[in-house]
Amino acid sequence: MASSEFQPLQGMSDIGVPEIWLWQMIEQRARTLFSCYNYEELRTPSLEKLSVFKRSIGDTTDVVQKEMYSFIDRGGRELALRPEGTAGTIRHLAGRGEEGLNARVFYIAPMFRCERPQAGRKRQFHQVGVEATGVPNPLADAECIALQQHLLEEWGLTGSKIQISTRGELSDRQPVADGLRNALQPHLSDLCSDCQRRINENVLRVIDCKNKNCGKIVDQIPSPVDFMSEESRQYLDTVIHTLKKMGIEVELNPKLVRGLDYYVHTVWEITHGALGAQNAIAGGGRYEIALGKKGVPGVGFAMGMERVITSLESCGVTADQFVPSDGIWLISLGEKALIENMKIARKLREKGLRCGMDLEVKSMKAQMRKANKARVKKVIICGEDEMAKGILLVKDMNEGSQEELSLEDVIRDA
RNA sequence: GUGAUUGUAGCUCAGUUGGUUAGAGCGCCUGAUUGUGGUUCAGGAGGCCGCGGGUUCAAAUCCCGUCUUUCACCCCA
């Protein structure tokens, strides 16, 4: 790409042939599966009031504080491009009253985060996600994880790992934070400088610090789950037990930390080795989102489509496997045949057949080459002889055989 | 936001210590006696050397800025 005039913005990309075939496969199979699980599609606007995200994702989270595209519009309103799908979805469902409190919706949509691009991280990226509202129920969480695992299977992804943990109930937060702080206090001087700061701001972050030294210390102290109530631990056990019965393998990881404020109870993450530093292809959890005086409880997940695609490619699922390869190419020998073929093409397309042709007179050789590139199954040759005889010469591109057929025969065979 | 890294044909990339008309492979187009693709052979088209400035007799090559690529930190999907 020589000139920047033709480039999209930093961290954003155009998606076309050939990758688009993979995207289409992913979206088609997702829609089909969601319908099997009784989820309906919901499309919310990309742009929302800033407060929608501040309140549900959390005012102090990095996503809100430093990653959002937010701005003041001409009317002086504070707006933001959505950095994730849950907040807008819940905003919508909360407005639907009672039926919104017991709904199942899915979305496939672009999200925006103004970060420095990196492997598996774009400024405009795409998520497929679901939200199922309703009071906390371990079976709902299990079903949600099962759906997600099923989806990965449909796409043909292998080698992914589901890690699960819990954040407990709201009332568990304080005991967990206090417990961790107390446990870490004796090791304070051995923690990295970031963690010394985190211990006051957000203790949970110490738990998943990548620093080796911090990791060793964290291994010695109790996990967050140990400080939670009996009920919270029981809830997680039920989720894991149910999944086991359903034949779904998950790995309990008490050190799993999810950054968004709205999570309560079950949280999980799906990772894949092909990814690099950003190794999570998906994340999910149960949440309780406050909107006005209402708290909307639910469970949901989001998967990063770009990350799913790099994972798929690493296990041999690539775009060229989904190239359209049926269809017909019309070859016209002479001006009159060109017009005749326009008429035939129209008829074939009315029957739902993929059908292409050159729109100017070219050599037969050139037209055959195009037919080959278009990967069509059959070629119809139309010239003076055929028009005189009132038939079409049909060539099978794989076998190389030719036969004379009527238009009706062609339509029936295809 | 911090630290690295990249930019030359549609694609993947060469391009010597600055030196004349910037190359290759793939792809594309045209042909190899009548109206037949994939293979082969011959020929051809196609470059703001990311952009702007500077140094120099001379810059794809050196310097500065800017945009972009890729990667890591941070955080997340």
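Labels below follow one simple rule: chain letters A, B, ... track the order of the sequence lines, proteins then strands, and each chain is numbered from 1. Since the model is a prediction, treat every value here as computed from it, not as a measurement.
- Applying the salt bridge (charged side-chain N to carboxylate O under 4.0 Å, His left out) definition to pairs two or more places apart or across chains, those involving residues 77-93 of chain A are A:E48-A:R91, A:D73-A:R77.
- Qualifying side-chain hydrogen bond (donor to acceptor under 3.5 Å, both in side chains) partners for A:R121, counting only residues two or more places apart in sequence or in other chains: A:E115, A:Q118.
- A:R31 pairs by the side-chain hydrogen bond (donor to acceptor under 3.5 Å, both in side chains) definition with A:E41, not counting sequence neighbours.
- Checked against salt bridge (charged side-chain N to carboxylate O under 4.0 Å, His left out), A:R205 has the following partners two or more places apart in sequence or in another chain: A:D208.
- Across residues 304-318 of chain A, A:G304, A:R307 each have a non-hydrogen atom less than 4.0 Å from an atom of RNA chain B (numbered order).
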When you check every protein heavy atom under 4.0 Å of nucleotides 28-39 of chain B, what one-letter string (B, S, -) results, 5' to 3'? SSS-B--BBBS-
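- Ranked by how close their nearest RNA chain B nucleotide is to the 5' end, A:I270 and A:L275 are led by A:L275.
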For residues 182-191 of chain A, which side-chain N or O atoms pair as donor and acceptor with protein atoms under 3.5 Å away, sequence neighbours left out?
unit_1	atom_1	unit_2	atom_2	d
A:N182	ND2	A:D178	O	3.3

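- A donor-acceptor contact under 3.5 Å is not formed by the side chain of A:Q7 with the base of B:C67.
- A:R258 comes within 4.0 angstrom of the backbone, heavy atoms only, and of no base.
- One finds the OG atom of A:S406 at 9.5 Å from the CD1 atom of A:I391 (value rounded to the nearest 0.5 Å).
- Legend: salt bridge (charged side-chain N to carboxylate O under 4.0 Å, His left out) pairs involving residues 370-380 of chain A, not counting sequence neighbours, sorted by first then second residue: A:D358-A:K370.
- One atom, CD of A:E115, and another, P of B:C71, lie 14 Å apart when rounded to the nearest Å.
- Considering only side-chain atoms of A:R116, the nucleotide from B:C75, B:A77, B:U2 that sits closest is B:U2.
- Sorted by first and then second residue, the pairs that involve residues 315-338 of chain A and meet side chain to side chain donor-acceptor pair (under 3.5 Å), not counting sequence neighbours, are A:T318-A:D320, A:T318-A:Q321, A:S332-A:N341.
- The phosphate of B:A77 has neither OP1 nor OP2 within less than 4.0 Å of any side-chain N or O from A:Q127.
- Between A:R198 and B:C75 there is a side-chain N or O to OP1 or OP2 distance below 4.0 Å.
- Side-chain contact, A:Y263 with A:R167: no donor N or O sits under 3.5 Å from an acceptor N or O.
- Sorted by first and then second residue, the salt bridge (charged side-chain N to carboxylate O under 4.0 Å, His left out) pairs with a member in residues 137-165 of chain A read A:R104-A:E143, A:D141-A:R286, A:K161-A:E251; sequence neighbours excluded.
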Can you give me the dot-bracket string for RNA chain B, 5' to 3', counting Watson-Crick and G-U wobble pairs with both distances under 3.5 Å, using [ ] for crossing pairs and | for partners on another strand? ((((..(..((((.....[...)))).(((((.......))))).....(((((..]....))))))..))))....
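- For the side-chain hydrogen bond (donor to acceptor under 3.5 Å, both in side chains) test, no residue two or more places apart in sequence or in another chain qualifies with A:Y69.
- Residue A:R121 places a side-chain atom within donor-acceptor reach of the base of B:C75, judged by atom type and a 3.5 Å distance cut-off alone.
- At B:A72, one or more side-chain N or O atoms of A:Q118 fall inside 4.0 Å of OP1 or OP2 (strictly under the cut-off).
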